[in-house]
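Quick notes on the structure that follows.
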Amino acid sequence: MSSGAARKNASNGPGPIVNSLTTGQLPKFVEFYVLAGALIVMGGVMLLMGFNLGGWIFLSALLYLVALGVLSAIAENRRRALDRIVRSLVTIAFLLAIAPLVSTLWTVASKGIGQLNWGFISQTGGAVFNPDTLKVDITTGALQAIVGSLEITGIAALMSIPIGLLTSIYLVEYAQPNQPIARAVTFLVDVMTGIPSIVAGLFAFSLFSLLVGPKAFSGFSASVALSVLMIPIVVRSCEEMLRLVPSDLREASFALGVSRFSTIIKVVVPTAIVGIITGITLAIARVIGETAPIFIAASFTDNFNANPFQNPMQTLPVLAYTGIKFPGQDIAASNASAWGAALLLVILVVILNIIARVIARVFAPKGAR
């Protein structure tokens, strides 16, 4: 066979194979085109039947999935059609998951931004008698609630973080899986995770009623209630992070003659410090917005009280709750104060998360930064 014939056969040989593996493909942005068409079609149908936002979105999503699957099956193949439908379902599920969060943030921000100013942050709210006009002036302020939230949550964190971290270290580094104590601690942590927040508030109030009498309202009592809710979260999050540390690091440290305690302090905890701080931050963010346990254990007041060991204290979530449910003489001012307190609480949680990220980045091992 001549070289020319060989080249001809070589050039003609792969042709049918390539053609048999090549299939059609829909345009690059076909999903957006189909979605726009589904929205327009269902919008017209809903206008004829009576427009409903929820029904429009649901029917548009259903038509979008059906139309995209049919088009892909005709132009491409069955596998690509199934892939496009599954990816669309995942996208829809993601949008459904973040929709309540976006709606909540938008509502709080839009209603609370008008109240958020330096006067609202720096002054104490309440009713003040004006001797010049002989009238009772209503002032809106959240200083007492900001101080109360920081003190109560801070004391709860000081009690919960050491207990939770040491408990997780014991479960991961010292306890054997079949030890009765380890199983009992794990069971109690699981039970505490499911305790309703109001039960924690009742527990703290009952405890301090037995210790100091019926007038047991105090910020420290609320801190004890929050610590009951916070400890199991810290234990679980820190335990999971410590278990992710490779065993090779521990064995290498033991091989060099380092004690178990030094290995935990200098190797295990620094390796997992980013996850530990993240878990602790989530626990703080979980309890700082609690209303029921603080309402029961610390009550509420418009007076400024920075002493957590006596008299009622105010917090931001309780201020938001009482401003809506128990408004003062000026109902509009009370509602505005409630929305301002809610926005302040969201901002405070964001600030705590940023601080935790910075601390985690500072103390993380150099290779993990």
Any side-chain heavy-atom pair of [X] and [Y] under 4.5 Å:
X      : Y      : value
Leu71  : Arg84  : no
Leu344 : Leu319 : no
Gln144 : Asn305 : no
Arg250 : Ser247 : yes
Arg236 : Thr186 : yes
Val235 : Leu171 : yes
Val172 : Val245 : no
Ser337 : Phe120 : yes

[atom2] on [Y] to [atom1] on [X], rounded to 0.5 Å:
X      : Y      : atom1 : atom2 : value
Gln115 : Asn335 : CD    : CG    : 10.5 Å
Tyr64  : Ile57  : OH    : CD1   : 15.0 Å
Ile288 : Ile294 : CD1   : CD1   : 8.5 Å
Met313 : Phe217 : CE    : CZ    : 14.5 Å
Leu150 : Thr315 : CG    : OG1   : 10.5 Å
Met192 : Ile233 : CE    : CD1   : 10.0 Å

State, to 0.1 Å, how close [X] and [Y] come at their nearest heavy-atom pair, and which atoms those are.
X      : Y      : value
Ala175 : Ala182 : CB-CB, 3.6 Å
Val349 : Asn353 : O-ND2, 2.7 Å
Ala81  : Ala73  : CB-N, 3.6 Å
Ser218 : Pro308 : CB-O, 3.6 Å
Ala200 : Ile195 : N-CG2, 4.3 Å
Thr301 : Pro312 : CG2-O, 3.6 Å

Linking I/L/V/M/F/W/Y whenever their side-chain heavy atoms sit closer than 4.5 Å, directly or via other members, would [X] and [Y] fall into one cluster?
X      : Y      : answer
Val234 : Ile231 : yes
Leu343 : Trp106 : no
Leu62  : Leu35  : no
Ile351 : Val358 : yes
Leu39  : Leu53  : yes

Does a side-chain N-to-carboxylate-O contact under 4.0 Å join Asp83 and Arg87? yes

Hey, are Arg243 and Glu239 close enough for a salt bridge, meaning a charged N less than 4.0 Å from a carboxylate O? yes

For the pair [X] (side chain) and [Y] (backbone), establish whether a donor and an acceptor sit closer than 3.5 Å, ignoring hydrogens and angles.
X      : Y      : result
Ser223 : Ile152 : yes
Ser149 : Leu316 : yes
Ser110 : Thr107 : yes
Thr193 : Val189 : yes

For the residue pair Ser259 and Ser262, confirm or rule out a side-chain donor-acceptor distance under 3.5 Å. yes

Dump the intermediate steps for side-chain contact (heavy atoms from CB on, under 4.5 Å) on Leu63 and Leu59, then the final yes or no. CA-CA 6 Å; Leu63 179 60; Leu59 293 177; over 6 Å; no

For Phe58, is the CZ atom crowded, meaning more than 12 foreign heavy atoms sit under 6.0 Å from it? no

More than 12 heavy atoms from other groups under 6.0 Å of CD1 on Ile181: no

Candidate pair Val268 and Leu242, rule side-chain contact (heavy atoms from CB on, under 4.5 Å), full reasoning: CA-CA 7 Å; Val268 177; Leu242 293 175; 3.7 Å; yes

ring-ring contact (aromatic ring centres under 6.0 Å, His included) pairs touching residues 277-302, sequence neighbours excluded, are Phe295-Phe300, Phe295-Tyr321

With side-chain contact (heavy atoms from CB on, under 4.5 Å) as the criterion, how do Leu282 and Ser237 come out once you've worked through the C-alpha distance, each side chain's angles and the decisive distance to 0.1 Å? CA-CA 9 Å; Leu282 291 176; Ser237 59; over 6 Å; no

Using residues 201-214 as the side-chain source, report each donor-acceptor pair under 3.5 Å to any protein atom, sequence neighbours left out, with the distance given to one decimal.
| residue | atom | partner | partner atom | Å |
| --- | --- | --- | --- | --- |
| Ser206 | OG | Leu202 | O | 2.7 |
| Ser209 | OG | Phe205 | O | 2.7 |

Check the angle between the aromatic planes of Tyr33 and Phe29 and answer parallel, tilted or perpendicular using the 30° and 60° thresholds. perpendicular

